[in-house]
Amino acid sequence: MDFTNVLRVVRRWPWLILSVVAVTLLVLFVRLRTTEHVFNAKMELQLTTPLQEDVTLYDHYRSSSLQDDMTVARNNLTEVLQSKEVHDRTSKALNLSDDEAVYLVDVEPVRDSNFIYVTISARTPALAQAIANAHASAAIAYYGEIRAKPATATSDFIAAQLTAAQEELRVAEQSFTNFKVKHDISTLDNELARYRDLIQQLQEERNRRMLEGPTSLDIQTTQQRIEQLQLSRETALAQGNTELAKGFDDAIARNQAQLADLLKNTSPTDHIDKVIAVRQRELETLLGYESDYNDLDMKVQQSQAKYQLLLTKSTEALLQENDIKTSNYIQIVAPAVAPNSPVPTNTKGLLVLAFFGSLGVGVILAFVLDYLVNQSASTSIVIPQPAIRTLNGYSSQQSHRPNGSSKLNGVVKPRRRSNR
């Protein structure tokens with residue numbers, strides 16, 4: 001396609017091209033004149049390092065860096081600021097009408113910093129300011145709710161586990177208490193130590209008695225009787241009553257013989273050996289309880305440790321959940337203010353762009369229309385047979401054929417027009 005053909009098409013279809021250009025410019029001009037002004041309210045947010053939203057029961061290795069956390073937090077906050085949920089919350093908070101609820105949100109994070117610029121485009125300056133501040137507050141609150149969901153789920157899980165651990169601890173303590181009451185034990189270690197000390201004291205007493213010799217109540221009574229008889233004999237001798245003194249001698253001799261028999265047949269450790277044997281059997285019984293006692297004690301200690309761990313983690317999860325929901329790591333550094341002027345529109349640039357664009361479209365349409373006309377002109381016209389016979393008869397009666405046509409096999413073809 002050369003420039004000559006382009007000029008030919010333009011000269012042939014100027015009305016089409018001018019119509020497309022005129023309609024486009026007119027529509028754009030009317031649109032620009034009737035479009036309402038748009039006001040931008042800009043605000044600045046600061047995002048610091050966020051708290052970890054996960055509450056773990058056990059210590060674990062941290063795989064991500066603070067920079068990674070900041071990047072993820074910034075991207076998530078950008079998505080939240082542009083979400084429909086925040087838009088709906090803002091509209092509900094400000095009680096916006098359907099027309100007022102139509103506004104645009106533009107989020108622009110600043111590279112290599114923790115600042116984010118949020119721009120709200122609305123119909124009026126006051127509306128843009130109100131929507132910007134309310135939208136930011138709703139986004140911060142919603143972002144906190146989203147980030148707190150893992151902590152909330154963990155808190156609910158820990159609360160359920162804490163209830164089960166509390167019941168487990170109660171059952172373990174009750175079983176342990178019943179065991180100690182049944183066997184009359186307060187603390188097994190103390191009881192064992194007390195019995196060992198008692199047996200040691202009894203052993204020391206037994207050794208002392210073995211050194212002192214046999215002793216019993218009968219022996220003590222006999223010895224005291226002999227001592228009294230000897231005193232009475234001395235008194236009788238002092239008074240010169242030899243017959244009475246001789247009687248005391250006989251009584252002393254009999255009691256001494258009885259004392260000898262008692263000393264011979266009496267063990268000095270017989271009674272204490274029985275006591276030691278009883279205490280040793282009681283000690284052996286306590287030692288037999290040691291295995292069950294330790295098992296029950298271990299269950300109580302494990303249940304207490306589990307309960308204390310879950311109680312600590314429950315408090316931590318609750319505090320972390322509340323802290324994350326407040327979103328203290330997101331601050332409004334510069335609140336939005338009402339703009340003084342609307343957003344300028346490049347009317348001249350749009351009109352120039354529309355002019356050249358519509359001119360190109362008009363030329364394309366002219367080429368298409370010119371092509372369709374040429375194709376229609378070059379298409380053969382097929383005439384039915386009765387019409388052919390009539391045409392042949394008519395031709396024989398005429399002295400010449402019609403200009404611009406020729407007959408071949410019953411087909412009348414139009415003669416092409418010369419371009420000259």
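Numbers here simply count residues along the sequence, with the first being 1. All figures in this text were calculated on a predicted structure; none of them were measured in a lab. As a basis for the values below, the full set of heavy atoms in this structure was taken, side chains included, without hydrogen atoms, waters or symmetry mates.
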Legend entry - Pairing of E145 and R89 as salt bridge, 4.0 angstrom limit: yes
Inset, instruction - Decide, yes or no, whether a salt bridge links K325 with E321 under the criterion of side-chain N to carboxylate O below 4.0 Å. - result: yes
So how far is it from [X] [atom1] to [Y] [atom2], rounded to the nearest 0.5 Å?
| X | Y | atom1 | atom2 | result |
| --- | --- | --- | --- | --- |
| Q280 | L202 | CD | CG | 9.0 Å |
| L45 | L77 | CG | CG | 6.5 Å |
| T221 | I226 | OG1 | CD1 | 11.0 Å |
| I140 | Q331 | CD1 | CD | 7.5 Å |
| L18 | W15 | CG | CH2 | 10.5 Å |

Inset, instruction - Decide whether a cation-pi geometry holds between K299 and F176; the criteria are a distance under 6.0 Å from NZ or CZ to the six-membered ring centre and an angle within 45° of the ring axis. - result: no
Inset, instruction - State whether the number of non-hydrogen atoms from other residues, nucleotides or ligands found under 6.0 Å of D250 atom CG is greater than 12. - result: yes
Non-hydrogen atoms of [X] and [Y] that approach each other most closely:
| X | Y | result |
| --- | --- | --- |
| L296 | S175 | CD1-O, 4.1 Å |
| Y103 | S91 | CE2-OG, 4.5 Å |
| V105 | Q82 | O-NE2, 4.2 Å |
| S121 | V38 | CB-CG1, 3.6 Å |
| A41 | Q129 | CB-N, 3.8 Å |
| A128 | F39 | CB-O, 3.7 Å |

Minimum side-chain heavy-atom gap [X]-[Y] below 4.5 Å:
| X | Y | result |
| --- | --- | --- |
| K313 | E316 | yes |
| I116 | V110 | no |
| I158 | S155 | no |
| Q228 | L231 | no |
| P335 | I332 | yes |
| N40 | I120 | no |
| Q200 | R196 | no |
| T78 | P109 | yes |

Look at the side chain of [X] and the backbone N and O of [Y], then say whether any donor-acceptor pair between them is shorter than 3.5 Å.
| X | Y | value |
| --- | --- | --- |
| S358 | F355 | yes |
| Y195 | E282 | no |
| N255 | A251 | yes |
| T24 | V20 | yes |
| D106 | T119 | no |
| H87 | L81 | no |
| D184 | K180 | no |
| D297 | Y293 | no |
| T187 | N190 | no |
| E100 | S97 | yes |

Inset, instruction - Mind checking side-chain hydrogen bond (donor to acceptor under 3.5 Å, both in side chains) for Y142 and listing every partner two or more places apart, or none if nothing turns up? - result: none
Legend entry - Residues that R194 engages under side chain to side chain contact (heavy atoms under 4.5 Å, CB included), provided they are two or more places apart: E191
Inset, instruction - Dump the intermediate steps for salt bridge (charged side-chain N to carboxylate O under 4.0 Å, His left out) on K92 and D88, then the final yes or no. - result: CA-CA 6 Å; K92 184 177 180 181; D88 295 340; over 6 Å; no
Inset, instruction - Could you check E167 against R170 for salt bridge (charged side-chain N to carboxylate O under 4.0 Å, His left out), going step by step and ending with a plain yes or no? - result: CA-CA 5 Å; E167 177 63 20; R170 187 194 65 80; 2.7 Å; yes
Inset, instruction - Go through E79 and N75 one step at a time and tell me if the side chain to side chain donor-acceptor pair (under 3.5 Å) criterion holds. - result: CA-CA 6 Å; E79 292 295 327; N75 295 337; over 6 Å; no
Inset, instruction - Classify the ring geometry between H183 and Y289 as parallel (under 30°), tilted (30 to 60°) or perpendicular (over 60°). - result: tilted
Inset, instruction - Report the C-alpha distance between I330 and Q46 in whole Å, list the side-chain angles of each, state the deciding distance to 0.1 Å, and finish with yes or no for side chain to side chain contact (heavy atoms under 4.5 Å, CB included). - result: CA-CA 6 Å; I330 305 175; Q46 184 181 22; over 6 Å; no
Inset, instruction - Before giving the answer on side chain to side chain contact (heavy atoms under 4.5 Å, CB included), spell out for L94 and L127 the whole-Å C-alpha distance, their side-chain angles and the decisive distance to 0.1 Å. - result: CA-CA 10 Å; L94 297 178; L127 185 62; 5.6 Å; no
Inset, instruction - Run the numbers on E168 and K306 for salt bridge (charged side-chain N to carboxylate O under 4.0 Å, His left out), then give the verdict. - result: CA-CA 10 Å; E168 180 182 344; K306 180 179 179 181; 3.5 Å; yes
